[in-house]
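Note that these values count all heavy atoms, side chains included, but never hydrogens, waters or copies made by symmetry. Start at 1 and go down the list; that is how both ligands and their atoms are numbered.
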Amino acid sequence: MKRVSILGATGSIGQNTIDLIRRDRTGFEVVALTGGRNVDLLAKSAIELGAKHAAIAEDSLYQDLKDALAGSGIGVSAGRSAILQAAAMPSDWVMSSIVGAAGLEPGLTAMSNGADLALANKESMVAAGRLMKATAAENNVQILPIDSEHSAIFQALMGQSRSSVERIIITASGGAFKNWSKAELATVTPEQAMVHPNWSMGSRITIDSASMFNKGLEVIETKEFFEIDATQIEVVIHPQSIVHALVGFHDGNLLAHVGPPDMRHAIGFALYYPERKPLPLNRLDLTKIGQLDFAKPDQIRFPALKLAYDVLELGGVAGAVYNASKEVALDAFMARQIGFLNMAEVVERTLHRLFARACELNKDQNLDNILHADHMGRKIGREEIQALSA
Ligand code: NDP
Ligand code: MG
């Protein structure tokens, strides 16, 4: 039996993972489940799966979780350190599906304690790709991508020589506002941005998809994961979200990964890797889709993508700054403090202030430097938010 833990069990990816595990109860022993604030769902999931331990990130919810699990025999803990302890519990496979940079240290902890890491938390790769890969190598564990594009690339590369790769193309649905003018984009509300045309996901990544920050993060994630040059990574708008990514080889051949927009395909692939098990999920009927469209992304209306390529040029800890300033800008947009288009302005100004002249940040990717860059990205980002909302 595979021992599994899920960090971020109460979220969209966490619950999709649980959905697959509940269909195969003899295949898995569930060690730890963690949540942020949703005590009820965490307790319900822990009881259903017979988890050994449940941890909630919010300190003040300890008693609520303890009450909810009273008599179950399931261990209970709360607080940031409890999440790290849960990540360290002996597991063979850990799902990293906390949202945001908060997922970085738990993912590193899981790998340092010998678990393969199923990585949904793209922010870890964006902020600390080299550190993540070095940690995996030191501990002789694997990082298995969950992001649909990266799972697609990983699968297309299986059995191929990395040196024959010429380019990688990732697709983007274009989000809810792909045809909106700049003037219209300026009026977008959080409620409008929280609806995705194809995928059902957490609210933060849904807004990131609408602003194209999600695709920016994924371009950086692609570079870090597959160690290819920024010039070899292309983004194509594909409104149907059926082709997730393509890998092009030196001989001109392209391998595409095709599937319905359901994250359980990527999660199931990683859950059983290196085997392929039959999954009880809907099969794609191409005749029902009929048509697949592809177009060039518009970097003027959606500058998040261009900023991601700037980050790749800057290197070092620039990914941590991009992500951190995007996170505070997203908070401010959700709180109606700044507008939809202001998010990219905040990130651009933050990057400019921290990297325009001699970079004051230490570029070496160790955890201290990454956490410091994350801190500075938030601090300068908040200053820029203040300036924009004044
Ligand atoms: P959700 O918002 O649905 O879930 C986030 C999870 O993280 C919840 O369990 C939440 O707890 C927990 N959490 C939030 N803040 C903290 C914190 N500070 N400490 C500990 N736990 C915390 O997000 P998604 O499931 O949509 O996304 C998770 C990750 O996967 C993200 O990195 C996203 O970019 C990535 N991803 C998601 C995809 C999707 O289809 N959803 C696709 C590809 C990648 P609670 O709810 O209890 O507060
Ligand atoms: Mg994706």
Is [Y] paired with [X] through a side-chain N to carboxylate O contact shorter than 4.0 Å?
X: K2; Y: E29; value: no
X: R80; Y: E105; value: yes
X: D208; Y: R204; value: no
X: K133; Y: E224; value: no
X: R349; Y: E384; value: yes
X: R353; Y: E383; value: yes
X: D40; Y: K44; value: no

Quick check: [X] and ligand 1, any N/O pair under 3.5 Å apart?
X: M263; value: no
X: T10; value: yes
X: A57; value: no
X: D147; value: no
X: E123; value: yes
X: R80; value: no
X: I83; value: no
X: S203; value: no
X: M201; value: no

Shortest protein heavy-atom distance from [atom], along with the residue and atom involved:
atom: atom 14 (C) of ligand 1; value: V99 CG1, 3.8 Å
atom: atom 17 (C) of ligand 1; value: A102 CB, 4.0 Å
atom: atom 34 (O) of ligand 1; value: K122 CE, 3.3 Å
atom: atom 38 (C) of ligand 1; value: I13 CD1, 3.5 Å
atom: atom 28 (C) of ligand 1; value: S97 O, 3.3 Å

- Message: Would you say that K122 contacts N214 through its side chain, given a criterion of any heavy-atom pair below 4.5 Å between the two side chains?
- Response: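 Yes, side chains in contact.
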
Do the side chain of [X] and the main chain of [Y] share a donor and acceptor less than 3.5 angstrom apart?
X: T171; Y: V243; result: yes
X: S5; Y: S91; result: no
X: K182; Y: I300; result: yes
X: R378; Y: S325; result: no
X: H150; Y: E218; result: yes

- Query: Aromatic ring centroids of Y322 and F213 under 6.0 Å?
  - Reply: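 Yes, the ring centres sit under 6.0 Å apart.
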
- Region of S12 that comes within reach of ligand 1 [heavy atoms, distance under 4.0 Å]: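 The answer is both.
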
- Query: Where on I98 is there a heavy atom closer than 4.0 Å to ligand 1, on the side chain, on the backbone, on both, or on neither?
  - Reply: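 For I98, the contact with ligand 1 is made by both the backbone and the side chain.
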
Short list, please: which atoms of ligand 1 are under 4.0 Å from a heavy atom of [X]?
X: N121; answer: 32 (O)
X: G11; answer: 1 (P), 3 (O), 4 (O), 8 (C), 9 (O), 25 (O)
X: R37; answer: 45 (P), 47 (O), 48 (O)
X: I205; answer: 26 (O), 33 (C), 34 (O), 36 (N), 37 (C), 38 (C), 42 (C), 43 (C), 44 (C)

- Residue of the set M201, M95, R264 for which side-chain contact (heavy atoms from CB on, under 4.5 Å) holds with N16: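 Single side-chain contact (heavy atoms from CB on, under 4.5 Å) partner of N16 among M201, M95, R264: R264.
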
- For atom 12 (C) of ligand 1, the option (of A86, G36, S209) bearing the nearest heavy atom: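 Going through A86, G36, S209 one by one, G36 has the nearest heavy atom to atom 12 (C) of ligand 1.
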
- Query: Out of S148, A120, A266, G202, whose heavy atom is nearest to atom 26 (O) of ligand 1?
  - Reply: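 Answer by nearest heavy atom: G202.
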
- Query: Can you count the protein N, O or S atoms that lie less than 2.8 Å from the Mg ion (ligand 2)?
  - Reply: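 For the Mg ion (ligand 2), the figure is 3.
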
- Message: Hydrophobic clustering (ILVMFWY, side-chain heavy atoms < 4.5 Å, transitive) - are V76 and L61 grouped together?
- Response: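 As far as the 4.5 Å side-chain criterion goes, V76 and L61 are connected within one cluster.
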
- Describe, in one word, how the ring planes of F333 and F340 are oriented to each other, choosing from parallel (under 30°), tilted (30 to 60°) and perpendicular (over 60°).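 The rings of F333 and F340 stand perpendicular, inter-plane angle above 60°.
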
- Closest heavy-atom pair and its distance - S173, K178: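 Looks like O-CD, 3.7 Å.
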
- Query: For ligand 1, is there an atom lying under 4.0 Å from some heavy atom of R204?
  - Reply: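 R204 does not count as a contact of ligand 1 under the 4.0 Å cut-off.
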
- With a 4.0 Å cut-off on heavy atoms, does G14 reach ligand 1?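 Heavy atoms of G14 never come under 4.0 Å of ligand 1.
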
